[in-house]
Amino acid sequence: SIVRHAQLPPMPISEMRQVLKTNSKAYLQQDLPGYVFDCFAPVPRAEGKPTAAPKPANGSLKQRVLTAGTKQQIIEDLQAAIKGAGLTPECVVPGLIGPVNAFERAMREVFEREAVALVDIGFKSTSICLLDHGELALSRVVAIGGDRLTSGLAQALGVSYAEAESIKIGIPTEVQANLEPLVLPLGRELRASIDCFEHQADKAVSQIFVSGGSAGSEFIVQTLQVELMAECKRWNPVSFLQMALPAQQSAEIDSVAPQLTVAVGAALAVL
């Protein structure tokens, strides 16, 4: 699956989908046969405020459009699975959009006024989204996730996967040296994406917000902070919700909240 920007002529969304399907190489720099696409034309923003779209200098009118695409077979498999569960599929939301939607609601002031990075450490991969005053400027998926960190730690310590997962989150000082070499490659990949954004936008990323299951490890967050050379912090994607729950259940939700980032953001996309 892909999520990226493309320069397209102003036209209805249905036509944009067809244009991308028939000529993906011209707009996305790669052939994507058998893909289905969707598009979103964001309102141009300056310092968090909507602005008028700039007029083209050469008379060729185009607009910057956020595009998403995935293989038709994946969509059909999802539809079959949803229907098999007795439900009706309404829409499919790219997981990469989840952290952005959730962050806008949970931390609106930062979302609108700063250039920040959202890092979501998933099971098999990690996504990074660069936001510039409320606009998704760059996104990337790195094929390193919590599973690789846990598996590597289990192998290094000679313990079971479950034991390594527990150690990863509440890591004792004596095993930090085993986990650090596993986290550093992820940090380098994320740093490359941040460097790309900072070079293109000519501005520095002020903060990095980390979510996902591995964000529960303070050591992992701090190791990323050193490698990325910017403040890294865990954030709560459900902080904007009003929940009438007993204290114990509220505490449980707070403890697992970083793992809900994609789910919360996907739900917001269909509200």
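Nothing here was measured: the structure is a model prediction, and the numbers come from that model.
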**Request:** For the pair Gln72 and Lys21, evaluate side chain to side chain contact (heavy atoms under 4.5 Å, CB included) and give the outcome as yes or no after the intermediate values.
**Result:** CA-CA 11 Å; Gln72 178 70 46; Lys21 183 175 181 178; 5.6 Å; no
Could you list the donor-acceptor pairs under 3.5 angstrom formed by side chains in residues 228-237, with sequence neighbours left out?
{"from": "Lys233", "atom 1": "NZ", "to": "Gln207", "atom 2": "OE1", "distance (Å)": "2.8"}
{"from": "Asn236", "atom 1": "OD1", "to": "Val238", "atom 2": "N", "distance (Å)": "2.9"}

**Message:** Could you go through Phe240 and Leu268, starting from their C-alpha distance and side-chain angles, then the distance that decides it, and tell me whether this counts as side chain to side chain contact (heavy atoms under 4.5 Å, CB included)?
**Reply:** CA-CA 12 Å; Phe240 68 95; Leu268 289 170; 4.0 Å; yes
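- Distance check: Leu96 CG to Ser139 OG gives 4.5 Å after rounding to the nearest 0.5 Å.
- Partners of Ala137 by side chain to side chain contact (heavy atoms under 4.5 Å, CB included), not counting sequence neighbours, listed by chain and number: Asp132, Phe197.
- Heavy atoms only, all atoms of each residue included: Val270 and Cys91 are closest at CG1-SG, 2.8 Å.
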**Message:** Applying side chain to side chain contact (heavy atoms under 4.5 Å, CB included) to Lys83 and Leu87, what does each step give before you reach the verdict?
**Reply:** CA-CA 5 Å; Lys83 291 177 180 178; Leu87 302 172; over 6 Å; no
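- When the side chain to side chain contact (heavy atoms under 4.5 Å, CB included) test is applied to Ser14, the partners found at least two apart in sequence or on another chain are Pro12.
- Looking at heavy atoms from C-beta onward, Ile128 lies in side-chain contact with Ile194 at the 4.5 angstrom threshold.
- Between the side chain of Thr223 and the main chain of Val183, no donor-acceptor pair closer than 3.5 Å is present.
- Taking CG of Leu32 as the start and OH of Tyr27 as the end, the distance is 14.5 Å to the nearest 0.5 Å.
- For residues 86-97, no pair satisfies side chain to side chain donor-acceptor pair (under 3.5 Å), with sequence neighbours left out.
- With sequence neighbours left out, the salt bridge (charged side-chain N to carboxylate O under 4.0 Å, His left out) criterion links Arg4 to no other residue.
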Could you tabulate the donor-acceptor pairs under 3.5 Å formed by side-chain atoms of residues 244-258, not counting sequence neighbours?
{"from": "Ser250", "atom 1": "OG", "to": "Pro246", "atom 2": "O", "distance (Å)": "3.3"}
{"from": "Ser255", "atom 1": "OG", "to": "Glu252", "atom 2": "O", "distance (Å)": "2.6"}

**Item:** Audit row: Glu163, Ser166, side-chain hydrogen bond (donor to acceptor under 3.5 Å, both in side chains) steps and yes/no
**Value:** CA-CA 5 Å; Glu163 289 174 308; Ser166 179; over 6 Å; no
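- Listed for the Thr22 side chain is a donor-acceptor partner under 3.5 Å among the backbone atoms of Val19.
- Remark: side-chain polar atoms of Arg105 are not paired, donor with acceptor, to backbone N or O of Val264 under 3.5 angstrom.
- Looking at residues two or more places apart in sequence or on another chain, you find no salt bridge (charged side-chain N to carboxylate O under 4.0 Å, His left out) involving Glu76.
- The side-chain heavy atoms of Thr126 and Val141, taken from C-beta on, include no pair separated by under 4.5 Å.
- Listed here is the closest heavy atom pair of Gly212 and Gln259: C-CG, 4.2 Å.
- A side-chain N or O of Ser211 and one of Asp120 form a donor-acceptor pair less than 3.5 Å apart.
- For the atom pair CD1 of Ile208 and CD of Gln225, the computed distance is 8.0 Å after rounding to the nearest 0.5 Å.
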**Asked** Which is it for Tyr35 and Ser24 under the side chain to side chain contact (heavy atoms under 4.5 Å, CB included) test, yes or no, and what are the steps along the way?
**Response** CA-CA 9 Å; Tyr35 268 60; Ser24 61; over 6 Å; no
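- Using a 4.5 Å heavy-atom threshold, the side chains of Leu182 and Arg148 count as separate.
- When atom types are taken as modelled, the side chain of Gln155 and the backbone of Gly152 share no donor-acceptor pair closer than 3.5 angstrom.
- Closest approach of Pro94 to Ala68, counting heavy atoms only: CG-CB, 3.7 Å.
- Follow the hydrophobic side-chain contacts under 4.5 Å out from Leu20 and you reach Met11 in the same cluster.
- In this structure, Pro33 and Asp31 have side chains that are in contact, with non-hydrogen atoms separated by less than 4.5 Å.
- If you chain together hydrophobic residues whose side chains sit under 4.5 Å apart, Ile169 and Leu149 never meet in one group.
- Pairs passing the side chain to side chain donor-acceptor pair (under 3.5 Å) check and including a residue from residues 175-197, sequence neighbours excluded, read Arg140-Glu189, Arg140-Ser193, Arg191-Asp195, Arg191-Glu198.
- For Thr150, the side chain to side chain donor-acceptor pair (under 3.5 Å) partners are Glu165, Lys168, not counting sequence neighbours.
- For the pair Ser125 and Ile144, the minimum side-chain heavy-atom distance is 4.5 Å or more.
- Using modelled atom types, no side-chain atom of His5 and backbone atom of Val65 make a donor-acceptor pair closer than 3.5 Å.
- The environment of CD in Gln222 is crowded: more than 12 heavy-atom neighbours from other residues, nucleotides or ligands sit within 6.0 Å.
- One hydrophobic cluster, built from ILVMFWY side chains closer than 4.5 Å, holds both Leu186 and Val210.
- Proximity of Arg64 to Gln7: side-chain heavy atoms (C-beta onward) are separated by under 4.5 Å at one or more points.
- Put simply, Phe209 and Ile97 are part of the same group of oily side chains (I, L, V, M, F, W, Y) that touch within less than 4.5 Å, one to the next.
- Every residue meeting the salt bridge (charged side-chain N to carboxylate O under 4.0 Å, His left out) condition with Asp147, not counting sequence neighbours, appears here in chain and number order: Lys124.
- Two residues are said to be in side-chain contact when any heavy atoms from C-beta on lie closer than 4.5 Å; Thr173 and Phe219 fail this criterion.
- The two atoms that bring Cys39 and Thr67 nearest to each other are SG-CG2, 4.2 Å, heavy atoms only.
- Between Leu138 and Cys196 the shortest heavy-atom distance is CD1-SG, 3.8 Å.
- Looking only at side-chain heavy atoms (C-beta outward), Leu157 and Ile167 come within less than 4.5 Å of each other.
- Note: the hydrophobic cluster containing Val119 also contains Leu179 (ILVMFWY, side chain heavy atoms under 4.5 Å, direct or indirect links).
- Taking CG of Leu130 as the reference point, atom CG of Leu118 lies at 8.5 Å (rounded to 0.5 Å).
- Residues satisfying the salt bridge (charged side-chain N to carboxylate O under 4.0 Å, His left out) test with Glu114, not counting sequence neighbours, are none.
- The distance from atom CD1 of Ile220 to atom OG of Ser214, rounded to the nearest 0.5 Å, is 4.5 Å.
- Every residue was checked against the side chain to side chain donor-acceptor pair (under 3.5 Å) condition with Glu15, not counting sequence neighbours, and none meets it.
- Of all heavy-atom pairs between Gly146 and Ile121, the closest is N-CG2, 3.9 Å.
- At distances below 3.5 Å, not a single donor-acceptor pair connects side-chain atoms of Ser206 with backbone N or O atoms of Val116.
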